[in-house]
Structures are given as C-alpha cells and as structure tokens.
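Chain letters run A, B, ... following the sequence lines, proteins first and then strands; every chain starts at 1. Just so we're clear, the structure is a prediction, and the values are computed from it rather than from any experiment.
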Amino acid sequence: MFAILQSNPDPGALTRLVSGPDSGAIDLFIGTVRNQTGGRAVVALEFESYGPMAKKEMAKIAEEAKSRWPVNKIAIHHLEGRALPGDTVVVIAVAAAHRAAAFEACRFAIDQLKERVPIWKKELYEDGEVWVAAHP
Amino acid sequence: MFAILQSNPDPGALTRLVSGPDSGAIDLFIGTVRNQTGGRAVVALEFESYGPMAKKEMAKIAEEAKSRWPVNKIAIHHLEGRALPGDTVVVIAVAAAHRAAAFEACRFAIDQLKERVPIWKKELYEDGEVWVAAHP
Amino acid sequence: MIKNQHMQLRVLPFGIARDIIGTSPFTLELEEGARVQDLLDRLKVQFPELKKLRSIAVAVNEAYADGSQAVTGEDEIAIIPPVSGG
Amino acid sequence: MIKNQHMQLRVLPFGIARDIIGTSPFTLELEEGARVQDLLDRLKVQFPELKKLRSIAVAVNEAYADGSQAVTGEDEIAIIPPVSGG
C-alpha cells in the first residue's frame with residue numbers, strides 16, 4: 001500500500017488497491033509536474049528519497065488518518081528519480097464508506113506527506129537547479 | 001468533459017481529460033456501489049437520468065466551481081443503467097495548479113451533483129426495490 | 001361567454017414520478033398562459049401520490065424552472081422527483 | 001586522567017545535506033553517550049552551510065528522533081533537510 005517507485009505511480013492501480021464492496025467513495029490525489037514554478041520554466045524534477053523510512057512514514061500517516069476518520073483503506077505511491085512536466089509523481093488513494101471521510105483523510109495525507117515523508121525534490125531549469133524549500 | 005455513459009466511468013480516462021502541464025494537482029472522486037445500505041444487502045443499483053439536462057447541469061456546476069476556485073479543468077462522468085456492488089458509477093476529476101483548489105472544487109462538484117443533477121437511483125434488494133431519497 | 005384557449009403540454013416524468021404517472025411522455029391539457037405552478041397543482045390533483053414525495057421540481061427545456069415561469073405547448077417539460085445520483 | 005570512550009557513527013545525509021557533506025554514508029566520531037543534539041552541533045561546526053538550511057532533522061533507525069535521543073555506533077542515522085515530496 002506504501003511504495004517508492006522508479007516508475008510513475010498509476011492512479012488505476014491505486015484505485016484497485018483500495019476498492020472494496022464496503023467502500024462507496026474513493027478520493028484520489030494525483031500530483032503532477034508543472035512546466036513552471038514562480039514563472040521560471042522547469043525542465044525536469046529529480047526526486048531523492050530515504051526509501052525505507054519514507055514507507056514507514058507513509059504507513060504512520062495512514063494510521064493517523066484512520067484513527068481520525070472512518071476510512072477503510074489508504075494507499076500512497078511516490079516516484080523516485082527523474083520526472084518531466086506532465087508526469088505523475090505521487091498518488092494517494094483513500095477509500096471510505098462515505099465521501100466526507102475520504103476527502104478529509106486524503107487531504108490530510110498529502111498535507112502530511114509534504115511535511116514529513118523523507119523525499120526531496122530538485123528542480124532543474126535551463127540554467128541551474130535548486131533543492132526545493134531547502135533554504136528560508 | 002460531461003457525460004452520461006452506459007458503461008462504467010473510467011478514472012484513468014478522466015485523469016487524461018483534465019491533465020495538462022499547467023496543473024500540478026488533480027483530485028479525483030470515484031463513487032462506487034456498496035454491498036449494503038443501512039445494513040440491508042444491495043443486489044444492484046439501477047440509474048436513470050434525464051441525459052441532456054444532466055450534462056447541462058454538470059457543465060453549470062463546473063462553471064460555478066471555476067468561478068469560486070482557481071481550477072483549470074473539470075470533468076464529470078456518470079453511469080446510466082445497471083450497476084453491481086463494486087462498480088464505479090461516477091467519476092469527477094478536477095485539475096488545478098495547486099491542491100487546495102482541486103480538493104475544494106471536487107468536493108463542491110460531487111455535493112452539487114447529488115443535489116441537482118437529474119439522475120435517479122433505484123436500489124434493488126433480494127426482496128424489493130426503492131427509489132433512493134424519494135420520500136421523506 | 002368566451003371559451004378559454006387550451007394547450008397540450010408534453011410532460012416527461014422521471015424516476016418515481018414516471019412510476020406514479022405511468023406513461024412518458026405524458027400529455028396534459030392546461031389553459032393558455034398557465035405557469036409551472038399550475039402544472040404542478042394539476043398533476044398533484046390527478047396523481048395524489050406525487051404529494052408524498054420529499055420534493056418535486058420542474059424543468060422547462062432542460063433547465064430548472066420556478067413556479068412563476070410560463071409554459072407553452074412548444075416546451076419540453078420534465079417532472080423531477082428528488083435526485084439521487086452519485 | 002580517564003580517557004573518554006569514542007564511537008564511530010554511520011551517518012546518511014540526504015538531499016542538499018548530502019551535497020554539503022559530500023559523501024554518503026559519512027562517518028562521524030563522537031564520545032560514547034552522545035545525543036542527537038551533540039551530533040547536530042558537531043555537524044554544523046564541521047559543515048557551516050548546514051546552518052543556512054530552513055530546518056534540519058535527524059532520524060535514528062528510520063524514525064524521527066528528538067535532540068535528547070542517545071545514539072550508538074549500531075544506529076543508522078539520517079540527516080534530513082527540509083522535505084519536499086509531492
């Protein structure tokens with residue numbers, strides 16, 4: 001349910017992972033690469049991760065979400081390595097009996113992922129590169 | 001972008017419909033058939049729609065969402081006809097530059113769909129059937 | 001004595017409303033100048049089961065119409081019981 | 001005079017921290033009984049660029065650790081600059 005992949009995460013695969021006859025609602029968050037950031041053209045992204053810990057943190061986030069909202073299953077896949085504009089880099093799928101919990105838990109999961117899962121993104125431009133959010 | 005289908009809506013197809021290099025976030029809502037409702041086993045659902053008006057209301061909902069949040073594209077597909085437990089009956093995909101708008105607009109769209117798009121659901125049980133929400 | 005002009009309205013009932021009315025499309029005769037509310041009043045007299053529904057709305061030419069909207073024989077009129085998509 | 005015992009710590013710096021420290025894994029010698037905060041203090045002296053980061057966290061054996069947690073030569077210690085997944 002929690003993975004760091006060398007290929008683009010597949011929304012269909014995550015949907016199948018979480019679906020089940022006790023769930024009536026699935027909320028899926030798909031993060032993709034934009035072609036610019038702050039007006040500067042992005043050529044590619046390079047993701048690095050501390051894989052074993054990243055998977056553990058994803059699992060902890062899912063447990064916390066399950067303790068806060070009535071959700072059935074949560075899956076999180078994130079890309080490692082290079083990504084081009086348009087590519088999918090993260091997919092989070094949350095299945096619940098009812099939609100409110102699915103939406104809330106999915107939003108919580110992506111917010112938490114961006115805050116604590118050990119994954120780092122480097123933006124590559126025509127004329128340089130930057131580790132995102134590294135400096136104040 | 002707005003359709004009433006005789007087959008199950010496909011999350012992957014809707015994702016492709018809304019993606020683009022100006023969007024970094026896609027929120028996808030997938031509604032599926034549960035195997036019970038209020039503890040009563042559901043054998044199947046039967047959806048009826050007023051197709052031409054349903055598509056117009058979907059488009060209006062998308063326009064309203066775009067006027068309220070900075071989202072780029074919205075697609076809504078809903079099944080017409082029979083659906084079995086586990087089947088996908090509705091998919092809403094919302095693409096935006098940033099995730100907050102995608103989540104908010106997607107939630108708005110499914111809430112509005114359930115309130116005003118002319119689609120009717122009949123639940124079929126072992127021993128009867130009911131038009132959902134028809135009576136107080 | 002002046003005889004009022006009448007018009008034939010083409011009415012499409014959906015969902016449980018179609019089950020109650022029994023046919024779709026259904027033809028209803030009302031006086032010229034009738035409004036959506038007149039149409040609803042007439043239908044509820046003719047089909048009292050409609051009064052038991054949680055709500056009932058009318059669409060004229062594929063858009064929701066309020067009670068004051070006039071209808072004509074050219075309009076496509078839909079009877080919309082509580083929706084339950086999703 | 002009693003000589004303090006020293007231990008060799010195995011440190012994995014990630015992202016910009018790896019760029020700053022230059023090698024991964026990186027070996028750091030600290031006195032026995034050292035805590036996460038001691039390790040961070042030492043690294044910031046040795047690599048002042050680390051002080052310019054928005055934040056810096058430490059994980060011990062694949063879980064975030066606070067400054068008071070003791071470390072040993074058996075631990076896998078990761079240096080975690082601001083994360084930016086998603």
Heavy-atom proximity to chain A below 4.5 Å, by part of D:L12
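Side chain only.
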Toward chain A, the part of D:A63 with a non-hydrogen atom under 4.5 Å:
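D:A63 touches chain A through backbone and side-chain heavy atoms alike.
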Non-hydrogen atoms of A:A97 and A:N72 that approach each other most closely
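So the minimum-distance heavy-atom pair works out to N-ND2, 3.8 Å.
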Between chain A and chain D, which N or O donor and acceptor atoms come closer than 3.5 Å?
residue	atom	partner	partner atom	Å
A:E48	OE1	D:R18	NH1	2.7
A:E48	OE1	D:R18	NH2	3.2
A:E48	OE2	D:G15	N	3.0
A:E48	OE2	D:R18	NH1	2.6
A:Y50	OH	D:E76	OE2	2.4
A:K56	NZ	D:E62	OE1	2.7
A:H78	NE2	D:G86	N	2.8
A:R116	O	D:Y64	OH	2.5
A:I119	O	D:S84	N	2.8
A:I119	O	D:G85	N	3.4
A:W120	NE1	D:P81	O	3.0
A:W120	NE1	D:P82	O	3.4
A:K121	N	D:S84	OG	2.8
A:K121	NZ	D:G86	O	2.9
A:W131	NE1	D:D19	OD2	2.7
A:A133	O	D:R54	NE	3.2
A:A133	O	D:R54	NH2	3.4
A:A134	O	D:R54	N	2.8

Judged by atom type as modelled, is there a donor-acceptor pair below 3.5 Å linking the side chain of A:S23 to the main-chain atoms of A:S19?
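Answer holds: no.
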Quick one: does [X]'s side chain get under 4.5 Å of [Y]'s, heavy atoms only?
| X | Y | result |
| --- | --- | --- |
| A:V33 | A:L84 | no |
| A:M53 | A:V117 | no |
| D:L39 | D:L30 | yes |

Does the gap between the ring centers of A:F108 and A:F103 come in under 6.0 Å?
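No: the rings miss the under 6.0 Å criterion.
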Taking side-chain hydrogen bond (donor to acceptor under 3.5 Å, both in side chains) as the test, write out the residues that go with A:R40, two or more places apart.
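Once residues adjacent in sequence are excluded, the partners of A:R40 under the side-chain hydrogen bond (donor to acceptor under 3.5 Å, both in side chains) criterion are A:D127.
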Check each atom of A:V132 against the heavy atoms of chain D and say whether the ones under 4.5 Å are side chain, backbone, both or neither.
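Contact with chain D is through both the backbone and side chain of A:V132.
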